[in-house]
Chemist: 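Let me give you the structure first, and then I'll get to my questions.
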Amino acid sequence: MGNKKIIIGLVGGVGSGKSSILEVLEKEYGARVIQADHTAKKLMEPGEPGFLAVTKELGTGFLKEDGSIDRAALAELIFHSQAARDKVNHLIHPLTWKKIKQEAEEAREKLVVVETAVMDEKIHDICEEIWYVYTSRENRITRLMEGRGYTREKCEAIMNSQWGKEQFQAVSAREIDNNKSPEEAMDQVRKILKDKGITP
């Protein structure tokens, strides 16, 4: 693989199957995986910068008795208030990408993969290349209903709030078709990595 560290962005909407690809990259290639939503959640733990910023801005009405954030209560708040949602996004997104950049740069692994369903222009400052995991809308709905127990309505609502295929394609250097088996998707990934001189 050489000595150069490669940082890849893996993007795609909910239910596109990014997690199964990440799992193989971690196990087969020893990749350092950084997931944007996990990073954002950590920043919302008591005492963390995101927690301090959000409670300062929106108050403490959505905290549990132990002082941690009641995620369901916060989700309800931002679902019903566009202003509150905008404030949370404005506070959390910059903190999240700053943390991701720091983790990616400090990682000792030669392959770092940053995964996100919510795009931000800062991903281009961090990643050498963006890969888009494409799965049809209907396949994603089926997977979410079977795997997470979501209703069709919930699937549609989440998808409608995220980027569509054309938007992801416009910012991505490569596309991985994940409409068939996970193994077929990984074969595409292995070929891309092999072309870059990266082997398990």
Side-chain angles (χ1 to χ4, degrees), residues 8-29 31-45 50 54 62 64 68-82 84-86 88-89 92-93 96-97 100 113-120 123 127 130-193:
I8 300 296
L10 192 74
V11 304
V14 64
S16 57
K18 299 186 299 298
S19 56
S20 58
I21 293 172
L22 291 173
E23 195 177 324
V24 178
L25 286 171
E26 214 168 19
K27 287 181 179 174
E28 270 188 40
Y29 292 85
R32 170 69 171 275
V33 170
I34 302 171
Q35 293 178 273
D37 63 335
H38 290 184
T39 303
K41 280 177 184 173
K42 284 180 190 171
L43 287 166
M44 295 289 273
E45 290 173 1
V54 169
F62 47 83
K64 296 179 185 176
S68 64
I69 288 175
D70 182 332
R71 294 188 184 279
L74 179 58
E76 187 72 12
L77 173 66
I78 63 177
F79 180 76
H80 290 291
S81 168
Q82 180 69 46
R85 182 158 65 250
D86 288 344
V88 170
N89 288 340
I92 298 302
H93 284 185
T96 300
W97 288 101
I100 288 171
V113 184
V114 176
E115 179 273 324
T116 186
V118 181
M119 289 296 291
D120 189 290
I123 194 170
C127 301
I130 310 295
W131 299 353
Y132 167 46
V133 181
Y134 167 65
T135 309
S136 73
R137 192 177 177 94
E138 198 54 43
N139 280 345
R140 289 163 61 198
I141 289 171
T142 300
R143 289 175 187 176
L144 288 168
M145 288 172 71
E146 291 175 357
R148 301 191 196 178
Y150 288 179
T151 61
R152 175 172 283 272
E153 290 72 26
K154 182 169 183 177
C155 296
E156 295 274 6
I158 297 171
M159 289 180 189
N160 291 340
S161 72
Q162 295 181 342
W163 273 21
K165 177 184 175 183
E166 290 76 17
Q167 289 169 297
F168 278 120
Q169 285 176 327
V171 299
S172 302
R174 300 176 189 266
E175 186 171 316
I176 298 157
D177 188 326
N178 195 18
N179 283 292
K180 295 177 183 175
S181 71
E183 190 55 35
E184 285 179 90
M186 268 316 298
D187 283 343
Q188 297 169 59
V189 173
R190 289 185 188 103
K191 185 179 185 307
I192 295 169
L193 290 173

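One-based numbering along the sequence shown.
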Chemist: What pairs with Glu138 under salt bridge (charged side-chain N to carboxylate O under 4.0 Å, His left out), at least two apart in sequence or on another chain?
Modeler: Arg152
Chemist: Roughly how far, to the nearest 0.5 Å, is CG of Leu193 from CH2 of Trp131?
Modeler: 4.0 Å
Chemist: Quick one: does Lys154's side chain get under 4.5 Å of Arg148's, heavy atoms only?
Modeler: no
Chemist: Looking only at non-hydrogen atoms, find the nearest pair between Leu74 and Ile69 and report the distance.
Modeler: CD2-CG2, 4.0 Å
Chemist: Might you point out which heavy atoms bring Ala185 and Ile21 nearest each other, and give the distance in Å?
Modeler: CB-CD1, 4.4 Å
Chemist: Between Leu144 and Met159, is the side chain to side chain contact (heavy atoms under 4.5 Å, CB included) condition met? List the steps.
Modeler: CA-CA 11 Å; Leu144 288 168; Met159 289 180 189; 3.9 Å; yes
Chemist: Listed by chain and number, what are the salt bridge (charged side-chain N to carboxylate O under 4.0 Å, His left out) partners of Arg190, not counting sequence neighbours?
Modeler: Glu28, Glu183, Asp187
Chemist: Name the one of Arg140, Lys165, Gln169 that satisfies side chain to side chain contact (heavy atoms under 4.5 Å, CB included) with Tyr134?
Modeler: Lys165
Chemist: As an exercise, state the distance from CD1 of Ile141 to CD of Glu153, rounded to the nearest 0.5 Å.
Modeler: 9.5 Å
Chemist: Mind checking what makes side chain to side chain donor-acceptor pair (under 3.5 Å) contact with Ser68, not counting sequence neighbours?
Modeler: Asp66
Chemist: Please find the pair of heavy atoms, one from Phe62 and one from Ala73, that lie closest to each other, and give the distance.
Modeler: CB-CB, 4.0 Å
Chemist: If we only count heavy atoms from C-beta on, is the Arg137 to Glu156 side-chain gap below 4.5 Å?
Modeler: yes
Chemist: Quick check: does any side chain N or O of Thr39 sit under 3.5 Å from a backbone N or O of Gln35, one acting as donor and the other as acceptor?
Modeler: yes
Chemist: Pick one: which of Val171, Thr116, Ile100 meets side chain to side chain contact (heavy atoms under 4.5 Å, CB included) with Ile123?
Modeler: Thr116
Chemist: Where is the tightest heavy-atom contact between Ser16 and Gly13, given as atom of each residue plus distance?
Modeler: OG-O, 2.7 Å
Chemist: For the residue pair Ser136 / Asn139, report whether a side-chain donor-acceptor contact shorter than 3.5 Å exists.
Modeler: yes
Chemist: Are any non-hydrogen side-chain atoms of Val33 and Glu23 less than 4.5 angstrom apart?
Modeler: no
Chemist: Rounded to the nearest 0.5 Å, how far apart are NZ of Lys42 and OG1 of Thr96?
Modeler: 11.5 Å
Chemist: For residues Leu25 and Ile8, determine if any side-chain heavy atom of one lies less than 4.5 Å from a side-chain heavy atom of the other.
Modeler: no
Chemist: Could you check whether any side-chain N or O of Gln188 sits under 3.5 Å from a backbone N or O of Asp177, counting only pairs where one atom can act as donor and the other as acceptor?
Modeler: yes
Chemist: Under a 4.5 Å cut-off applied to non-hydrogen side-chain atoms, are Val114 and Trp97 in contact?
Modeler: yes
Chemist: Minimum heavy-atom separation for Asn178 to Arg143, with atom names?
Modeler: O-NH2, 2.7 Å
Chemist: Nearest 0.5 Å, please: how far is CE in Met119 from CH2 in Trp163?
Modeler: 4.5 Å
Chemist: Taking all heavy atoms of Ile92 and all of Gly50, pick out the closest pair and write down the distance.
Modeler: CD1-CA, 3.6 Å
Chemist: Indicate yes or no for a side-chain donor-acceptor contact from Lys18 to the backbone of Val133 under 3.5 Å, with no hydrogens or angles considered.
Modeler: no
Chemist: Rounded to the nearest 0.5 Å, what separates atom CG in Leu22 from atom CD1 in Ile34?
Modeler: 11.0 Å
Chemist: Decide yes or no for Ile158 and Tyr150: does some side-chain heavy atom of the first lie under 4.5 Å from some side-chain heavy atom of the second?
Modeler: yes
Chemist: Looking at CD1 of Ile176 and CE of Met186, how far apart are the two atoms once the value is rounded to the nearest 0.5 Å?
Modeler: 8.0 Å
Chemist: I'd like to know if Glu26 pairs up with Arg32 as an ion pair, taking the criterion as any Lys NZ or Arg NE/NH1/NH2 lying under 4.0 Å from an Asp or Glu carboxylate oxygen.
Modeler: no
